[in-house]
Amino acid sequence: MSDLVAPLAPAAERVTAGLSAAQREAVLHGQGPLLIIAGAGTGKTTVLTRRIAHLITSRLARPEQILALTFTDKAALEMAERVDQLIPYGYAETWIATFHAFGDKVLRDHALDAGLDPGFRVLTQPEQVIFLRERLWRLPLSRYRPPGDPTRHLQALVGFVSRAKDEDVGPAELRACADARAARAGSPEERDDAEALLELAAFYESYQSLLAEASCLDFGDQIHRALRLLRERPAVLARLRERFPFVLVDEFQDTNHSQLELLRLLAEGGTSLTVVGDDDQAIYRWRGAASGNLIAFRELFPDAKQVVLVENHRSTQEILDCAGRLVAYNNPYRLEVVAGIDKRLVSQRGPGEPPRHRHFDSVSAESDAVAAEIEALLSRGHRPRDVAVLVRSNADADPFLRALNVRGIPHRFSGSRGLYAREEVRLLVAFLRLLAAPDDSVSAFYLAASELYRVPPPELLRLNRFASRKTRPLLEVFRALPDEAELAAVGGAAREAVARLLRDLDAAAAEMASKRTGEVLYLFLQGSGLLAKLAAESSAEAEARVKNIARFFQVVRGYGDVAVHDRVPDFVAHLELLRDAGDDPAVAEADPDEDAVQVLTVHKAKGLEFAAVFLVGAAEGKFPVQRRRAPLELPEELVKSRLAGAGADAELMEERRLFYVAMTRAKESLLLTSAADYGTARPRKVSRFVVEALDLPSPSPALRRSQAREALERERPAAEPPALPPAPLPADAPLSLSFRQVDDYRTCPLKYKYVHRLRVPLPVHHRVVYGNAVHHALQAMFKARLEGRPFAAEDLVAAFRAAWVSEGFLSRAHEEERRATGERNLRRFFDEDAAAPLQPTGVEEEFAFFLGATKVQGRYDLVVQDAEGVAIVDFKTGTVRTQKEADQRAKDSLQLDLYALAHERLRGALPARVELRFVESGRVGSRRPEPEQVREAERVVEEVARALRARDFTARPSYRACAPCAFHDICPHTAWHSE
DNA sequence: AAGGAGATTTTTTTT
DNA sequence: AAATCTCCTT
């Protein structure tokens with residue numbers, strides 16, 4: 001601690017600079033429980049991050065004693081970045097994470113205590129459905145029968161169990177509830193219901209044991225399991241309380257019962273709990289959040305200090321008043337009434353323009369008018385990124401995307417689904433399908449028509465007709481094309497394209513039996529030239545496609561991780577199952593720096609703000625949506641989360657809060673729009689929320705239907721947004737860099753783009769497999785030593801084997817040879833180390849520090865403390881022949897200088913030594929870090945950061961850079977040719 | 001005015 | 001599958 005005092009002093013003053021009196025009070029409040037009730041736009045995250053900074057700088061807490069919990073990764077990341085900006089010292093040890101990540105960490109640290117296999121895997125909901133399909137020979141539940149096929153049935157069950165866990169309800173509790181119901185059942189229907197519930201409890205129980213057998217966890221279960229663990233193991237709980245005496249929670253209104261219980265357990269040990277929330281922004285009831293959390297907190301901690309933030313820094317008063325009028329319709333269930341506080345928002349930005357409402361005949365008129373208004377805003381100097389179009393449902397966005405596109409307004413829709421619908425992904429799926437099933441003519445057709453092969457449409461139709469007439473698969477017709485007299489009229493372009501398709505397909509088919517799906521797919525991407533084509537384009541659209549391809553590779557890899565037999569046909573079958581079970585990942589996020597109008601769902605917009613907001617589709621039945629009940633609902637008496645209001649009211653009130661969240665995103669201008677005709681048989685009425693918010697005299701009468709033109713308009717296909725070059729970033733834009741990134745950028749900026757920006761999927765190189773396995777083994781060894789656990793040579797070899805992946809090797813013999821070499825080297829390393837054991841004080845320790853706005857992060861392999869002082873050690877697996885070469889490598893290593901720099905920034909002084917340890921030869925390249933050389937490294941990082949912010953990805957081809965580069969055969973600039 | 005028949009509509013999403 | 005809306009009859 002002592003070395004931290006000096007740099008901390010000036011930061012302490014900065015922590016509260018610019019805060020309002022109420023914010024300052026919230027930030028500086030002492031150690032007891034603290035409830036910060038913070039309305040929209042009052043600086044919730046600011047207060048929380050400043051409080052974290054205050055705890056550290058005032059030395060009430062050490063950074064590693066603080067745990068800050070959020071609900072999304074994005075929120076955690078943002079908070080971490082903002083804390084970093086305030087106090088760039090030692091923050092790396094502060095735990096800022098999602099509830100999920102925290103629960104997962106607790107379980108992984110205490111897996112054995114929790115009765116879990118330490119290597120447990122977490123299944124997504126679609127994966128759970130598949131998991132059950134494979135294991136249940138007969139579907140459970142004869143009485144509850146959700147509509148549809150067995151998959152829907154399983155989906156309903158999985159949803160039910162996940163909901164039960166949100167409410168901290170286990171199988172036993174469910175059974176008790178069923179018994180109680182049976183006991184007081186009067187009518188035969190009630191007895192039936194109780195029986196059905198009993199079936200459900202039995203299913204829940206057997207599902208739990210099936211998961212345990214397979215050492216799996218269902219996604220969302222981490223907190224529930226962590227909670228159980230802490231209840232059953234007081235020692236673990238005590239350690240956790242000791243570890244985190246300070247816990248802070250953002251968006252507290254969105255916690256579910258299990259999460260609340262976990263917080264309660266921690267706080268009972270004296271943990272200082274700070275929560276920030278706003279009951280009017282509770283919008284996650286459907287995933288178990290309880291809108292009455294703030295009230296529950298006040299009752300749980302009657303002595304909690306309470307601060308109410310009402311100074312709104314975001315919106316004009318007119319907007320706030322309308323939003324306030326709307327949400328007041330949720331009285332008397334709101335906190336204001338229940339707790340008798342006043343949290344009406346007071347704008348710090350003046351009255352502004354009142355929000356408007358416009359109603360249209362049809363959705364096309366609505367979307368066109370919105371696009372026109374946006375165009376006008378842009379022509380008056382607004383940036384596209386300052387404008388948002390908010391929708392209630394993903395599907396509502398379509399007409400608006402089209403209208404923006406017609407006017408050429410740059411825009412971006414961030415939905416949460418749709419990866420499989422993307423053209424580039426469908427192309428890959430079609431290819432895999434055709435490989436797995438050569439008679440799949442739909443895939444053959446799709447592939448042939450795709451932009452990759454472009455068989456001319458009339459010719460393709462002719463081939464297709466021929467195939468159906470002869471009842472032969474299209475692929476066979478392709479193969480027969482050169483010799484088939486009846487098809488002699490097919491032109492040369494088509495013949496060439498078909499030949500290309502067959503060549504690519506056959507090349508992949510030859511590898512299919514021996515290679516994993518990912519490898520086969522990669523060969524196709526490369527062989528067909530698709531990757532090269534996309535990589536050569538510099539438009540945002542091409543970048544998005546490459547990113548989506550990378551996402552699809554994640555799905556492929558996810559399968560490879562669990563599959564016994566990862567081959568194309570198996571994967572294709574699995575993919576069908578996944579999609580049937582409802583899996584549809586989001587498309588890759590577009591470049592966040594892209595200057596485009598944002599089209600978002602209200603849920604996605606939470607926490608964001610825009611100068612101008614268009615809240616569209618504000619019609620009855622759309623917003624509020626007409627809800628559908630969950631197929632299996634948790635019995636009422638088991639729902640412990642406190643909901644403000646009850647029954648049908650609760651649903652409407654949640655929709656109203658959602659509308660409130662949407663309205664309060666606007667800083668200056670807010671337009672609500674609606675239409676009579678959204679393509680449904682009945683005309684829509686204006687949303688009651690519009691009437692409430694704007695205090696309209698009476699609901700407008702339904703308008704007449706529009707004409708046939710409307711139906712045609714709706715069929716027009718949605719077009720892609722126009723491509724935009726990414727804008728350069730300002731010098732103070734946050735940027736994170738690792739050594740790898742700096743190194744790759746210096747080698748070649750285009751390589752950096754391929755690897756770190758586009759994340760072009762790469763086949764795994766055997767050297768990487770080898771290096772990773774060695775690192776893993778060494779890490780396990782030194783971790784054991786650090787924790788004082790015994791660790792034998794056999795353990796080292798076992799860890800090496802466990803980390804081994806059979807991918808990228810030239811042959812089976814090659815793989816065996818590499819594995820034997822690794823084991824031999826590790827055994828020798830073990831023996832040599834035994835003679836003079838390294839005593840690490842840190843293993844795989846992460847670090848992060850700031851150079852201006854640039855965050856430099858990384859991980860030391862080993863930190864060793866000896867008589868000479870601190871040494872930072874990095875293990876290398878490459879060969880070095882002589883000691884001189886080892887010394888030279890250490891001397892030239894930018895990596896070592898960066899490590900030295902990190903140590904200097906975080907601990908106040910350069911380490912005594914930095915070392916490269918070559919595992920193969922046992923040689924050590926060691927040196928003292930020179931201040932001058934460290935400064936030079938700092939300069940290099942700054943230079944790379946500057947170039948990255950300028951978006952300079954100009955290729956720097958050279959023999960040295962290109963020869964070892966994984967992209968040399970797709971890169972259009974390569975200075976090296978293999979043939 | 002009440003009520004029955006029949007038509008119409010049905011979402012958000014964390015790793 | 002269930003809630004809500006409109007239309008129509010009484």
Side-chain angles (χ1 to χ4, degrees), chain A residues 69-77 97-105 107-108 120-128 144-148 152-153 155-156 158-159 162-163 165-166 216-224 250-251 254-256 258-259 281-289 390-397 414-418 551 554-555 557-558 561 582-586 600-607 617 619-633 647-648 651-652 654-655 657-659 661-662 678-685 688 699 701-702:
Chain A
L69 295 171
T70 63
F71 287 90
T72 62
D73 269 350
K74 217 167 131 192
L77 212 69
T98 59
F99 268 98
H100 283 101
F102 174 66
D104 199 67
K105 170 89 170 126
L107 286 181
R108 291 201 188 273
F120 70 84
R121 227 174 75 77
V122 181
L123 304 178
T124 62
Q125 291 218 352
E127 284 170 337
Q128 290 174 56
Y144 276 123
R145 192 165 291 286
R152 306 297 144 243
H153 197 156
Q155 274 177 338
V158 164
S162 138
R163 180 80 186 89
K165 286 170 180 174
D166 285 341
C216 287
L217 231 60
D218 46 351
F219 179 73
D221 189 26
Q222 292 103 321
I223 286 289
H224 184 239
D250 196 13
E251 307 275 18
D254 289 333
T255 45
N256 65 34
S258 285
Q259 292 159 342
Q281 294 186 71
I283 57 171
Y284 285 107
R285 194 171 95 101
W286 50 270
R287 60 176 208 216
L390 303 187
V391 294
R392 171 65 181 90
S393 314
N394 283 299
D396 293 341
S414 75
S416 49
R417 300 191 276 249
R551 285 227 158 175
Q554 280 175 13
V555 176
R557 217 165 282 138
D561 285 346
D583 188 56
D584 191 3
L600 299 161
T601 63
V602 182
H603 283 90
K604 283 232 160 184
K606 193 180 180 190
E620 281 294 297
K622 280 195 164 290
F623 204 165
V625 282
Q626 189 171 324
R627 268 173 204 265
R628 200 169 49 178
R629 279 270 186 82
L632 296 175
E633 283 201 358
E651 287 173 0
L652 185 65
E654 174 134 325
E655 289 292 302
R657 290 191 293 266
L658 195 58
F659 204 90
V661 168
Y678 285 96
T680 53
R682 283 206 186 118
R684 304 272 182 173
K685 290 191 280 194
R688 70 191 78 182

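The analysis underlying the following values was restricted to heavy atoms, covering all of them including side chains, and did not include hydrogens, waters or symmetry mates. Below, chain A is the first sequence line, B the second, and so on; all start at residue 1.
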Between Glu651(A) (CD) and dA2(C) (C1'), how many Å, whole number? 12 Å
Taking atom P of dA3(C) as reference, at what distance in whole Å does atom CZ of Arg682(A) sit? 16 Å
Applying side chain to side chain contact (heavy atoms under 4.5 Å, CB included), run through Asp218(A) and Gln125(A) and close with a yes or a no. CA-CA 7 Å; Asp218(A) 46 351; Gln125(A) 291 218 352; over 6 Å; no
Please list, chain by chain and in numerical order, all residues satisfying side-chain contact (heavy atoms from CB on, under 4.5 Å) with Arg551(A), sequence neighbours excluded. Leu419(A), Ala586(A), Ala588(A)
Excluding sequence neighbours, so at least two apart, what forms ring pair (Phe, Tyr, Trp, His ring centres under 6.0 Å) with Phe219(A)? His100(A)
Provide, to the nearest angstrom, the distance between the CD atom belonging to Glu620(A) and the P atom belonging to dT10(B). 13 Å
Taking N or O atoms only and anything under 3.5 Å, show me the protein contacts with nucleotides 12-15 of chain B, one pair per line.
residue: dT12(B); atom: OP1; partner: Asn394(A); partner atom: N; Å: 2.3
residue: dT12(B); atom: OP1; partner: Asn394(A); partner atom: ND2; Å: 3.0
residue: dT12(B); atom: OP2; partner: Arg417(A); partner atom: NH2; Å: 3.2
residue: dT12(B); atom: O4'; partner: Arg392(A); partner atom: NH1; Å: 3.4
residue: dT12(B); atom: O2; partner: Trp286(A); partner atom: NE1; Å: 2.0
residue: dT13(B); atom: OP1; partner: Thr601(A); partner atom: OG1; Å: 3.0
residue: dT13(B); atom: OP2; partner: Asn394(A); partner atom: ND2; Å: 3.2
residue: dT13(B); atom: OP2; partner: Ser416(A); partner atom: OG; Å: 2.8
residue: dT14(B); atom: O2; partner: His100(A); partner atom: NE2; Å: 3.4
residue: dT15(B); atom: OP1; partner: Asp73(A); partner atom: N; Å: 2.9
residue: dT15(B); atom: OP1; partner: Asp73(A); partner atom: OD1; Å: 3.2
residue: dT15(B); atom: OP1; partner: Asp73(A); partner atom: OD2; Å: 3.4

Contacts of type side-chain contact (heavy atoms from CB on, under 4.5 Å), residue Lys604(A), not counting sequence neighbours: Ser414(A), Ser416(A), Glu589(A), Leu600(A), Thr601(A)
Sorted by chain and residue number, the side chain to side chain donor-acceptor pair (under 3.5 Å) partners of Lys74(A) (sequence neighbours excluded) come out as none
Mind checking what makes ring pair (Phe, Tyr, Trp, His ring centres under 6.0 Å) contact with Phe659(A), not counting sequence neighbours? Phe623(A), Phe689(A)
Does the base of dT10(B) carry an N or O that pairs as donor and acceptor with the side chain of Gln626(A) under 3.5 Å? no
Between dA2(C) and dT13(B), how far apart are the two C1' atoms, rounded to whole Å? 23 Å
